[in-house]
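Throughout, protein chains are lettered first and strands after them, A, B, ... in sequence-line order, and every chain is numbered starting at 1. Reckoned from all heavy atoms, side chains included, excluding hydrogens, waters and symmetry mates.
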Amino acid sequence: MKWASVFAVCLFVCGSTYAATGKLLATPGVSQVEGSAGGGIVPWAQLAGYASEDEWSASGFCSRASLKDYQLDVCGVQANLFDRVELSFARQNFDVDALNLDIEQDIVGAKVRLYGDIVYSKYPQLSFGIQHKSLDDATVANLLGAEDDSGTDYYLAASKLHLGAVGGYNWFWNITMRHSRANQLGLLGYGGANDSTPWQLEASSAVFLSRHWAVGAEYRQKSNNLGLGESDWKDIFVAWIPNKSVSVTAAWLDLGKIAGQTSQTGWYLSVTGYF
Amino acid sequence: MKWLSLTAILLFLVACSASTPKTSLYVQIGGNIGAEKLVDAFIKQIGNDDVILPYFRESNVRHFREGFITHLCDTLDGPCDYEGDSMVQIHTGMAISESDFNRVVDLLINAMSEVGIAHSVQNQVLARLAPMRSEVIKL
Ligand code: HEM
Ligand code: HEM
């Protein structure tokens, strides 16, 4: 993949130059599938990168989800301005094996930290974010009965890291409330004849087994606007954060039914580099 | 739900595998001797850090060592009463940034690892110190 190689080169070249390190290791989380800082599938309240309030940082990532009948590749970049604003751009490439078909989508995101710090504040860190998504080609979305080929999600996320809370281990949780009309992230368009509630709940939790390893699980509610039986998403993940320059996440996904195909389980691998 | 129960079991296992004894954190870091070893390692970490050392340019290392040991002992439920200046009084005028605060946390973690304090005890020590951040930074 062209993106992946550009990214790899950049990781190599930029990694050793400027890098903000003002946050504690692992506290920015990793990169979620729509380009925001988060887990694998859920955006978290933390902003991407290690910038604290008087620093900026940039980061980039590539992820691959390999399911029974589909493959999703995502690459993206993020900027963190003074731990207040996160800007992100991601490009998704959804590959339908059986139809030899590619669905591509761009996602522009912004997130603002409203309150707190996941480690130090008394109450959880709180952020508000938006993700504007647009499909390159709406053919499949139209065919399935979607109403639009672009849409804007917005969400409120709360996160907290509790030091030594679970038998001495650090425990993290995040809850996100999202407003979205997207069908399967928007890859199958937006809205439809079966329009259900646009509010969806997402949650993540993780335990840090050491400074460098975390294991956790995620859950993301989905709407069912197309009436194709869109399932809620789940994953369990393990993240490796060797230093403040890179993180690697592997997950086992259970995405249920996608466009009529059942039991979409599979592997997910993601690498984020921080500059 | 299968997933929730899996998570619950995982948390439960983690919680039990390290069931905390009733001994104070001070005892868990090795008491008096442990605290001295830790603070000496911490001072060495600071001494080798180009960003943090300048904060100590006008400090008396011995005074800092004694004060920090007593404060740590007090904070970790040891048999000491810290009667020195308050955190706010000490750190006022230093204008410590969020970033440098976390850098000092990293140095303390290095020091704790160096003297062999267990990961779970390290986290509990950090949990005691973290709430003092607002009395230390940006003053
Ligand atoms: C055990 C850890 C430490 C070691 C091994 C160490 C070592 C050194 C060394 C080799 C020098 C250079 C001496 C010279 O050039 O003449 C120095 C200078 C200095 N150190 Fe440390 N240091 C340590 C901890 C600290 C700490 C914790 C502080 C402050 C609280 C501190 C404050 C200073 C100062 C202010 C100087 C400059 C002295 C001067 O130029 O007059 N050091 N240290
Ligand atoms: C929760 C975090 C912290 C705690 C609990 C703490 C505690 C203390 C204590 C108890 C002392 C007094 C020692 C004495 O009696 O002389 C002290 C002194 C000092 N602290 Fe901190 N400290 C913290 C964070 C920091 C940070 C992040 C910095 C710098 C980046 C810093 C810089 C200093 C300096 C320079 C002194 C020496 C002051 C002097 O020479 O009078 N401290 N600290």
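Side-chain contact between Arg211(A) and Asn123(B): present, with at least one pair of heavy atoms (C-beta onward) separated by less than 4.5 Å. Looking at Glu98(B) and Glu55(A), their side chains never come closer than 4.5 Å, going by heavy atoms from C-beta outward.
A distance of 8.0 Å separates CZ in Arg133(B) from OG in Ser121(A), rounded to the nearest 0.5 Å. In this structure, the separation between OG on Ser120(B) and CG on Leu209(A) is 12.0 Å, given to the nearest 0.5 Å. The line from OG of Ser99(B) to NZ of Lys23(A) is 11.0 Å long, rounded to the nearest 0.5 Å. With rounding to the nearest 0.5 Å, the separation of CD in Gln122(B) from CG in Leu163(A) is 11.5 Å.
Within the 4.5 angstrom heavy-atom criterion, only side-chain atoms of Asp54(A), from C-beta onward, approach chain B.
Taking the ring centroids of Phe208(A) and His119(B), they lie at or beyond the 6.0 Å cut-off.
A salt bridge links Lys244(A) with Asp106(B): the distance from a Lys NZ or Arg NE/NH1/NH2 to an Asp or Glu carboxylate oxygen falls below 4.0 Å.
Counting heavy-atom pairs closer than 4.5 Å to chain B, the top residue among Ala51(A), Ser52(A), Ala165(A) is Ser52(A).
Considering all non-hydrogen atoms of both residues, Asn102(B) and Gly22(A) come closest at ND2-O, 2.6 Å.
Note: Phe101(B) and Tyr120(A) have perpendicular aromatic rings, judged against thresholds of 30 and 60 degrees for the angle between ring planes.
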